[in-house]
Enquirer: 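My questions will all concern the structure given below.
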Amino acid sequence: MSADVATMGAPRSPFARVFDDALITAGACGDVGERVAAFVDLARRYQEPGRHYHTLRHIAETTAALRVLIAAERPWADDEQEITAACVLAVYFHDAVLDPRMVDNERRSADLAAAVLARLGCPDTVGAAVARLVLATATHRSDERDEALVNDADLRILARHSIAYDRYVRRVRREYGWLDDEKWREGRTRVLRGLLDGPLYATALGRHDWERPARLNLARELAALSGP
C-alpha cells in the first residue's frame, strides 16, 4: 500500500463513501487505509485506457438506478441493509475486469470481488453473494430478487432517451474498436436479438417504466444495423 493511501482518512468523495459504507455494512473489518486502497484500485481499473462506456460514470449511473429500484421494492427483506450492501458492492465490482477480447470478464470480476472482500475481513457469505451477483450480469438472468435489482440497474441505460442511448452505443463501439464494421454488426446483432428475446427487466419498476422504451431503442438500433 502506498504511503499516501495508508495515511488517508475516511473517503472524501460521495462516490468513495458509498463504497466504504457498503463495505462496513457488509462486515468489513479492514482499517480505513485498506478500504480506501480497495476503492483506489477499483477507480484505477475503471479508468484504464480503452474504456469508453464501462467507466466510473457507468458505475455511478448504475448505483443511482439501484437506489431507485431498492426504494421502489421496499419493504422486501428483513435483512435489507445487508442485501443492499451486497448489491452496491456488486455494482462497483461488476465491470472491474474488462477485456473486450475475452469472454470471462464477469467471472474474473467476481473472483476479484471475492478476494478483495475476504482480504478486508467480510464474511465468506458476503463474498459469495457479491460474486454471485456479479456473475448474474453476464447473462442478466435473474433467479433471485437481489439479482433482479443489480441486473435491472445495469440495464437502465437501455431505456434512456434516444440521445443518451445512442451515445452509449457509440462508446461501446469504441471499446470494440479492434473489430471491423462487419464483425461488429454481426456480434451486436446477436446481442440485441438475445436481449429482445424475452423480458428485459425483472423488477416491477423496470417492467412498468423501462421495458417499453428499452425495447424501442433496441429495435431501432437493430434496424439500423440491418439497413443498407
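Any value given below was found using the heavy atoms of this structure, including those in side chains, with hydrogens, waters and symmetry copies removed. In what follows, residues are counted from 1 in the order of the sequence shown. Values in this document were obtained by computation on a predicted structure and should not be read as measured data.
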Enquirer: Heavy atoms, side chains only, cut-off 4.5 Å: are Y168 and R160 in contact?
Expert: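 Contact flag for Y168/R160 side chains = no.
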
Enquirer: Between D20 and A16, is there a donor-acceptor pair closer than 3.5 Å when you use the side chain of the first and the backbone of the second?
Expert: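 It does not hold such a pair.
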
Enquirer: Would you compute the distance between atom CG of L42 and atom CZ of R44 and round it to the nearest 0.5 angstrom?
Expert: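 Those atoms lie 11.0 Å apart.
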
Enquirer: Please list all pairs meeting salt bridge (Lys or Arg N to Asp or Glu O under 4.0 Å) that have one or both residues in residues 198-214, counting only residues at least two apart or in different chains.
Expert: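 For residues 198-214, and leaving out neighbouring residues, the salt bridge (Lys or Arg N to Asp or Glu O under 4.0 Å) pairs sorted by first residue read E211-R215.
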
Enquirer: Can you list everything that forms a ring pair (Phe, Tyr, Trp, His ring centres under 6.0 Å) with H140? Sequence neighbours excluded, please.
Expert: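 Residues passing ring pair (Phe, Tyr, Trp, His ring centres under 6.0 Å) with H140: none at all.
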
Enquirer: Do other residues, nucleotides or ligands put more than 12 heavy atoms under 6.0 Å from the CZ atom of R67?
Expert: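 No, because the 6.0 Å sphere around CZ of R67 holds 12 heavy atoms or fewer from other groups.
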
Enquirer: Quick check on the hydrophobic clustering: are L222 and L179 connected, directly or via other members, by side-chain heavy-atom contacts under 4.5 Å?
Expert: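 In one cluster: yes.
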
Enquirer: With the side chain counted from C-beta on, respond yes when I83 and E80 share a heavy-atom pair under 4.5 Å apart, and no when they do not.
Expert: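 Sidechains of E80 and I83: no contact.
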
Enquirer: Would E106 and H94 count as a side-chain contact (heavy atoms from CB on, under 4.5 Å) here? Give the steps.
Expert: CA-CA 7 Å; E106 289 83 6; H94 81 286; over 6 Å; no

Enquirer: Is the number of heavy atoms from other residues, nucleotides or ligands within 6.0 Å of CZ (R167) greater than 12?
Expert: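 For R167, atom CZ is crowded (more than 12 foreign heavy atoms under 6.0 Å).
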
Enquirer: Any luck finding a side-chain donor-acceptor pair between H58 and D154 under 3.5 Å?
Expert: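 Yes.
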
Enquirer: Any side-chain heavy atom of W210 sitting closer than 4.5 Å to one from L205?
Expert: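 They are in side-chain contact.
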
Enquirer: Taking the side chain from D146 and the backbone from L133, do they hold a donor-acceptor pair closer than 3.5 Å?
Expert: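 It does not hold such a pair.
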
Enquirer: If the threshold is 4.0 Å, N to carboxylate O, is there a salt bridge linking E73 and R145?
Expert: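 Counted as a salt bridge, because a side-chain N and a carboxylate O are separated by less than 4.0 Å.
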
Enquirer: Nearest 0.5 Å, please: how far is OG in S142 from CG in N151?
Expert: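 OG of S142 is found 4.0 Å from CG of N151.
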
Enquirer: Quick check: closest heavy atoms across G121 and C29, and the distance to 0.1 Å?
Expert: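 In terms of heavy atoms, the two residues are closest at CA-SG, 3.7 Å.
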
Enquirer: Does any part of the side chain of R220, heavy atoms only, come nearer than 4.5 Å to the side chain of D166, both counted from C-beta?
Expert: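 In short, these two side chains touch, coming nearer than 4.5 Å.
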
Enquirer: Establish whether L117 and I24 are linked, either directly or via other cluster members, by ILVMFWY side-chain heavy-atom contacts under 4.5 Å.
Expert: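 No, L117 does not connect to I24 through the hydrophobic network.
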
Enquirer: Before you tell me yes or no, could you show the steps for V88 and F19 under side-chain contact (heavy atoms from CB on, under 4.5 Å), namely the whole-Å CA-CA distance, both residues' side-chain angles and the distance that decides it to 0.1 Å?
Expert: CA-CA 7 Å; V88 170; F19 179 72; 6.0 Å; no

Enquirer: Report all side-chain donor-acceptor pairs from residues 193-204 shorter than 3.5 Å, counting only partners two or more places apart or in another chain.
Expert:
residue	atom	partner	partner atom	Å
Y201	OH	L155	O	2.7
T203	OG1	D152	OD2	2.7
T203	OG1	G206	N	3.1

Enquirer: Would one find more than 12 heavy atoms of other residues, nucleotides or ligands at under 6.0 Å from atom CG of D180?
Expert: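 Yes - once you tally the heavy atoms of other residues, nucleotides and ligands closer than 6.0 Å, there are more than 12.
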
Enquirer: Mind listing the closest non-hydrogen atom pair of L149 and L69 along with its distance?
Expert: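 Scanning both residues, the minimum pair turns out to be O-CD1, 3.5 Å.
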
Enquirer: For residues R171 and T55, determine if any side-chain heavy atom of one lies less than 4.5 Å from a side-chain heavy atom of the other.
Expert: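 Side chain of R171 against side chain of T55, heavy atoms only: no contact under 4.5 Å found.
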
Enquirer: Kindly write out the residues that satisfy ring pair (Phe, Tyr, Trp, His ring centres under 6.0 Å) with Y46, not counting sequence neighbours, or none if the list is empty.
Expert: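 Checked Y46 against ring pair (Phe, Tyr, Trp, His ring centres under 6.0 Å); zero matches.
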
Enquirer: To the closest 0.5 Å, what do you measure between CG (L66) and CD1 (I59)?
Expert: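 Result: 11.0 Å between the selected atoms.
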
Enquirer: Show the numbers, then the answer: is there a side-chain contact (heavy atoms from CB on, under 4.5 Å) between E221 and R188?
Expert: CA-CA 9 Å; E221 184 189 356; R188 185 66 178 173; 2.7 Å; yes

Enquirer: Find out whether V68 and R156 are in side-chain contact, i.e. whether some heavy atom of one side chain is under 4.5 Å from a heavy atom of the other.
Expert: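 V68 does not reach R156 side chain to side chain.
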
Enquirer: Provide the closest heavy-atom pair for S162 versus N217 in the form atom of the first, atom of the second, distance.
Expert: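 Closest approach of S162 to N217, heavy atoms only: CA-OD1, 4.0 Å.
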
Enquirer: Can you tell me how far apart OG1 (T63) and OH (Y92) are? Round to the nearest 0.5 Å.
Expert: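 Here the rounded value is 4.5 Å.
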
Enquirer: With heavy-atom distances below 4.5 Å as the criterion, would you say the side chains of M102 and V97 are in contact?
Expert: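 A side-chain contact under 4.5 Å is absent here.
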
Enquirer: Working to the nearest 0.5 angstrom, can you tell me the gap between E186 CD and K183 NZ?
Expert: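 Going from CD on E186 over to NZ on K183, the span is 5.0 Å.
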
Enquirer: When hydrophobic residues are tied together by side-chain contacts of less than 4.5 Å, even through go-betweens, does V172 share a cluster with L192?
Expert: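 Both belong to a single hydrophobic cluster.
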
Enquirer: Looking only at non-hydrogen atoms, find the nearest pair between A26 and A85 and report the distance.
Expert: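 Result for this residue pair: N-CB, 4.2 Å.
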
Enquirer: Rounded to the nearest 0.5 Å, how far does CG of D181 lie from CG of L225?
Expert: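 L225 atom CG to D181 atom CG measures 10.0 Å (nearest 0.5 Å).
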
Enquirer: Just to verify, what does D21 make a side-chain hydrogen bond (donor to acceptor under 3.5 Å, both in side chains) with, not counting sequence neighbours?
Expert: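 Residues passing side-chain hydrogen bond (donor to acceptor under 3.5 Å, both in side chains) with D21: none at all.
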
Enquirer: Is there side-chain contact between F39 and V116, with at least one heavy-atom pair below 4.5 Å?
Expert: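 No, their side chains stay 4.5 Å or more apart.
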
Enquirer: Return the minimal non-hydrogen interatomic distance between E48 and R45, and the atom names on each side.
Expert: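 In terms of heavy atoms, the two residues are closest at CG-O, 3.0 Å.
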
Enquirer: Which atoms form the tightest heavy-atom contact between D95 and S109, and what is the distance?
Expert: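 Scanning both residues, the minimum pair turns out to be C-OG, 4.0 Å.
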
Enquirer: State which residues pass side-chain contact (heavy atoms from CB on, under 4.5 Å) with L135; sequence neighbours excluded, sorted by chain then number.
Expert: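 With neighbours one apart ignored, the set is R107, A110.
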
Enquirer: Less than 6.0 angstrom separating the ring centers of Y53 and Y176, yes or no?
Expert: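 No - the distance between ring centres of Y53 and Y176 does not fall below the 6.0 Å cut-off.
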
